[in-house]
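Presented below is the structure to which this report refers.
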Amino acid sequence: MPGHRSITEAEKLAAEKLGGFPIRREQMAAVANIYRAASAVRQHLENSVLRGSDLTWTAFVVLWVVWVWGESETRHVAEEAGISKGTLTGVARTLESRGLLARSGHPTDGRLVLLRLTDEGEELMRRVFPAFNEEEAFVTAGLSDTECRSLAEGLRQVVLQVEEHGEDRRRQLLDGAEPAPRRSGRRPKA
């Protein structure tokens, strides 16, 4: 089982393995590096600034979404945070038990649940976010402000492509079929 490899080693191995494949290398490198960058940044932030507040990445993102959007339905928080409603339920319960988040019923639809930050949650975000942003500056220190803006815009275009055309592409690739339901804790069949 291989150990941790640097990005340079991984790129070299992939180039050797894929030498004969007719692939779009620049696009492959872009997507691979989106994943690598997201993983590296998440791990760094969890192991630094978030650790001091005993927050996971997911818990921080949930707090961020509710902090920015204000009181919101759980389905919207889950969607904005990029997590399932089931994952949100567990995270929200943990944050609620810590006094950072409060759940309440929707005033007109008893099936819906609303989330809002408590005063303690607001205070935590006002304290943690500046430190979080300092680490955002740290992880992008190798880029100029212009490069950061360009990177942000490029990544925004990737998100828009998937948001605006991903569903049509999925249907095309699956010949109109619905995707197989994900089985929890198990990988899809190869």
Side-chain angles (χ1 to χ4, degrees), residues 1-14 28-72 74-103 115-160 162-163 184-185 187:
M1 175 118 176
H4 175 75
R5 298 195 192 279
S6 72
I7 189 170
T8 306
E9 291 172 308
E11 288 169 344
K12 182 178 181 249
L13 288 170
M28 179 187 75
V31 171
N33 285 332
I34 289 169
Y35 173 78
R36 286 184 186 123
S39 295
V41 168
R42 178 180 178 157
Q43 188 171 43
H44 173 76
L45 289 165
E46 278 190 333
N47 290 325
S48 60
V49 69
L50 296 180
R51 178 170 283 185
S53 297
D54 195 26
L55 292 172
T56 63
W57 175 268
T58 304
F60 176 79
V61 171
V62 167
L63 290 171
W64 166 261
V65 167
V66 178
W67 190 44
V68 170
W69 287 84
E71 184 175 63
S72 302
T74 53
R75 62 186 168 153
H76 297 303
V77 174
E79 184 178 319
E80 286 297 317
I83 58 176
S84 70
K85 289 186 284 183
T87 297
L88 176 62
T89 298
V91 171
R93 282 186 181 141
T94 299
L95 294 171
E96 186 177 34
S97 74
R98 291 183 55 191
L100 302 172
L101 198 64
R103 290 186 292 174
L115 297 177
R116 68 172 175 76
L117 290 188
T118 63
D119 290 342
E120 293 83 2
E122 288 277 344
E123 188 280 322
L124 176 76
M125 289 304 289
R126 283 192 302 271
R127 182 174 46 80
V128 170
F129 185 72
F132 187 92
N133 183 247
E134 282 300 313
E135 290 310 301
E136 290 175 319
F138 168 78
V139 300
T140 58
L143 302 173
S144 69
D145 287 351
T146 301
E147 290 170 323
C148 283
R149 281 190 295 276
S150 178
L151 175 62
E153 183 53 33
L155 293 172
R156 185 175 186 279
Q157 291 303 315
V158 170
V159 171
L160 287 172
V162 174
E163 285 180 353
S184 97
R187 291 178 174 229

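This structure is a prediction, so every number in the text was calculated from the model and none was measured.
Formation of a donor-acceptor pair under 3.5 Å by the S72 side chain with backbone atoms of G70 is found in this model. Remark: the backbone N or O of L143 is not paired with any side-chain donor or acceptor of T140 at under 3.5 angstrom. Checking side-chain atoms of E46 against main-chain N and O of W57 turns up a donor-acceptor pair under 3.5 Å.
Remark: V162 engages no residue in a side-chain contact (heavy atoms from CB on, under 4.5 Å) (not counting sequence neighbours). Residues passing the ring-ring contact (aromatic ring centres under 6.0 Å, His included) test with H44 are F138, sequence neighbours excluded. For E153, the side chain to side chain donor-acceptor pair (under 3.5 Å) criterion is met by Q157, not counting sequence neighbours. Residues satisfying the side chain to side chain donor-acceptor pair (under 3.5 Å) criterion with E120, sequence neighbours excluded, are T118. Evaluation of the salt bridge (Lys or Arg N to Asp or Glu O under 4.0 Å) rule for R103 yields E96 as partners, not counting sequence neighbours. T146 is linked by a side-chain contact (heavy atoms from CB on, under 4.5 Å) to S144, R149, counting only residues two or more places apart in sequence or in another chain. In terms of the salt bridge (Lys or Arg N to Asp or Glu O under 4.0 Å) criterion, E134 has no residue partners (sequence neighbours excluded). Qualifying salt bridge (Lys or Arg N to Asp or Glu O under 4.0 Å) partners for R51, counting only residues two or more places apart in sequence or in other chains: none. Taking W64 as the reference, W67, F129 meet the ring-ring contact (aromatic ring centres under 6.0 Å, His included) condition, with sequence neighbours excluded. R156 pairs by the salt bridge (Lys or Arg N to Asp or Glu O under 4.0 Å) definition with nothing, not counting sequence neighbours.
S48 and E135 get closest at one heavy-atom pair: OG-CG, 4.1 Å. Of all non-hydrogen atoms in V66 and L115, the two that sit nearest each other are CG1-O, 3.8 Å. The two residues A131 and V49 come nearest to each other via the heavy atoms CB-CG2, 3.2 Å.
Atoms CG and OG1, from L88 and T74 in turn, are 6.0 Å apart once rounded to the nearest 0.5 Å. Of the inter-residue distances, the one linking L100 atom CG with L117 atom CG reads 8.0 Å to the nearest 0.5 angstrom. One distance of note links CG of L124 with CG of D54; it measures 10.5 Å at 0.5 Å rounding. To the nearest 0.5 Å, atom CZ of residue R98 and atom CG of residue L55 are 5.0 Å apart.
E80 has its side chain within reach of W69: a pair of non-hydrogen atoms, C-beta onward, lies under 4.5 Å apart.
At a threshold of 4.0 Å, the pair R75-E79 does not count as salt-bridged, since none of the basic side-chain nitrogens sits closer than that to a carboxylate oxygen.
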Per-pair distances, 0.1 Å, donor-acceptor, side chain in residues 30-41, under 3.5 Å, sequence neighbours excluded:
residue : atom : partner : partner atom : Å
N33     : OD1  : R36     : NH1          : 2.9
N33     : ND2  : A29     : O            : 3.3
S39     : OG   : Y35     : O            : 3.1

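Among residue pairs with one or both ends in residues 85-95, those qualifying as side chain to side chain donor-acceptor pair (under 3.5 Å) are S84-T87; sequence neighbours excluded.
Around atom CG of N47, more than 12 heavy atoms belonging to other residues, nucleotides or ligands sit under 6.0 Å away. Heavy-atom neighbours of Q43 CD from other residues, nucleotides or ligands within 6.0 Å: at or below the threshold of 12.
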